[in-house]
Visitor: 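Have a look at this one.
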Protein chains: 2
Amino acid sequence: MSIPLYQAKAEFFKTLGHPARIRILELLSERDHAVHELLAEIAIEPSSLSQQLAVLRRTSMVVSRRDSGQVVYSVSVPEVRDLLAAARLILSGIVAAQGDLEDELSPMSAVH
Amino acid sequence: MSIPLYQAKAEFFKTLGHPARIRILELLSERDHAVHELLAEIAIEPSSLSQQLAVLRRTSMVVSRRDSGQVVYSVSVPEVRDLLAAARLILSGIVAAQGDLEDELSPMSAVH
DNA sequence: ACACGACTTGCACAGTTCTTCAAGTCATGT
DNA sequence: ACATGACTTGAAGAACTGTGCAAGTCGTGT
């Protein structure tokens, strides 16, 4: 049952490898959100949101609790904020180095 | 004309979401390596290694140069090291919370 | 010019992940 | 007890990713 570390890391990053899941984590790292609040911010089917939340729950990155008829999610590991920040840093470095990728990346950027 | 940032982030993390690519980045963040050196450390087919290197090249996370008959790779963004460290931190947090995966995480965790 | 080692690329097959629809659960208000 | 709003789950097909083999390129030494 020995899962090598690099394997665990890969799984971990894979969990972050989806736009909706990134959005969720960013919103949750600001403050806790009920599912319907997330739904209002992220343009996606309820069932799809639920699927992505399930992925994040499975990897223990978020936890949910019931609160007066709603389900409220929160990040279980506060360091997630640091990680997203580190990613932002690297990303801006890469973008700056490439200089001109921004234009190609714009389709559908209206949303955010 | 801004990139949907969460989309770019997701792509970025997706790039990290593969055991071989994690290994590669860890090795390269120690020092530059020629392909055949990577091959000696990572147990995969040459063509598979090459494919994964291509993925990392495409996302500008590594660069390659030819050097006396060999191809040498290096990380192009030094902050990658920080990112891997941040991931390690979160991972150990999650693991500690879950309790019993720790043993598996020790092989080679001395350095990384 | 030729062979060889060091890599990379193309490709087909297999496995994995996403998306959506339909159905199901659960707690609250009437 | 029933309806409703708030979510979750199951499942099927589409889309994407990874793997290994065969073939190809590139540079160096003979």
Visitor: Could you tell me whether the side chains of B/Arg65 and B/Tyr73 share a donor-acceptor contact shorter than 3.5 Å?
Guide: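 There is no such pair between these side chains.
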Visitor: A/Lys14 has an atom NZ; how far is it from atom P of C/dT16, in whole Å?
Guide: 9 Å
Visitor: Between A/His18 and C/dT16, does any side-chain N or O lie under 4.0 Å from OP1 or OP2?
Guide: no
Visitor: Which whole-number value in Å describes the distance from B/Phe13 CZ to C/dT17 P?
Guide: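 Checked: the CZ to P distance equals 18 Å.
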Visitor: Where the side chain of B/Glu45 is concerned, which of D/dG18, C/dT19, D/dC21 is the nearest nucleotide?
Guide: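 Within the option list, the nearest is D/dC21.
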Visitor: Rounding to an integer number of Å, can you tell me how far A/Gln52 CD sits from C/dT20 P?
Guide: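 Going from A/Gln52 (CD) to C/dT20 (P), I get 11 Å.
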Visitor: Walk along nucleotides 6-13 of chain D from 5' to 3' and tag each nucleotide B, S or - by protein heavy-atom contact under 4.0 Å, base first, then sugar-phosphate.
Guide: SSBBBB--
Visitor: Rounded to the Å, how far apart are A/Leu56 CG and C/dC18 P?
Guide: 11 Å
Visitor: Using whole Å, report how far CZ of B/Arg21 lies from C1' of D/dT19.
Guide: 13 Å
Visitor: How close do A/Val62 and A/Ser76 get, counting heavy atoms only, and between which atoms?
Guide: N-OG, 3.6 Å
Visitor: Can you tell me if B/Arg58 touches the phosphate of C/dT8, counting only side-chain N or O atoms and a distance under 4.0 Å to OP1 or OP2?
Guide: no
Visitor: State whether A/Arg88 and B/Glu79 are salt-bridged, where the test is any N-O pair (Lys NZ or Arg NE/NH1/NH2 against Asp/Glu carboxylate O) under 4.0 Å.
Guide: no
Visitor: Could you check how far CD1 of B/Ile44 sits from C1' of D/dC21, rounded to whole Å?
Guide: 15 Å
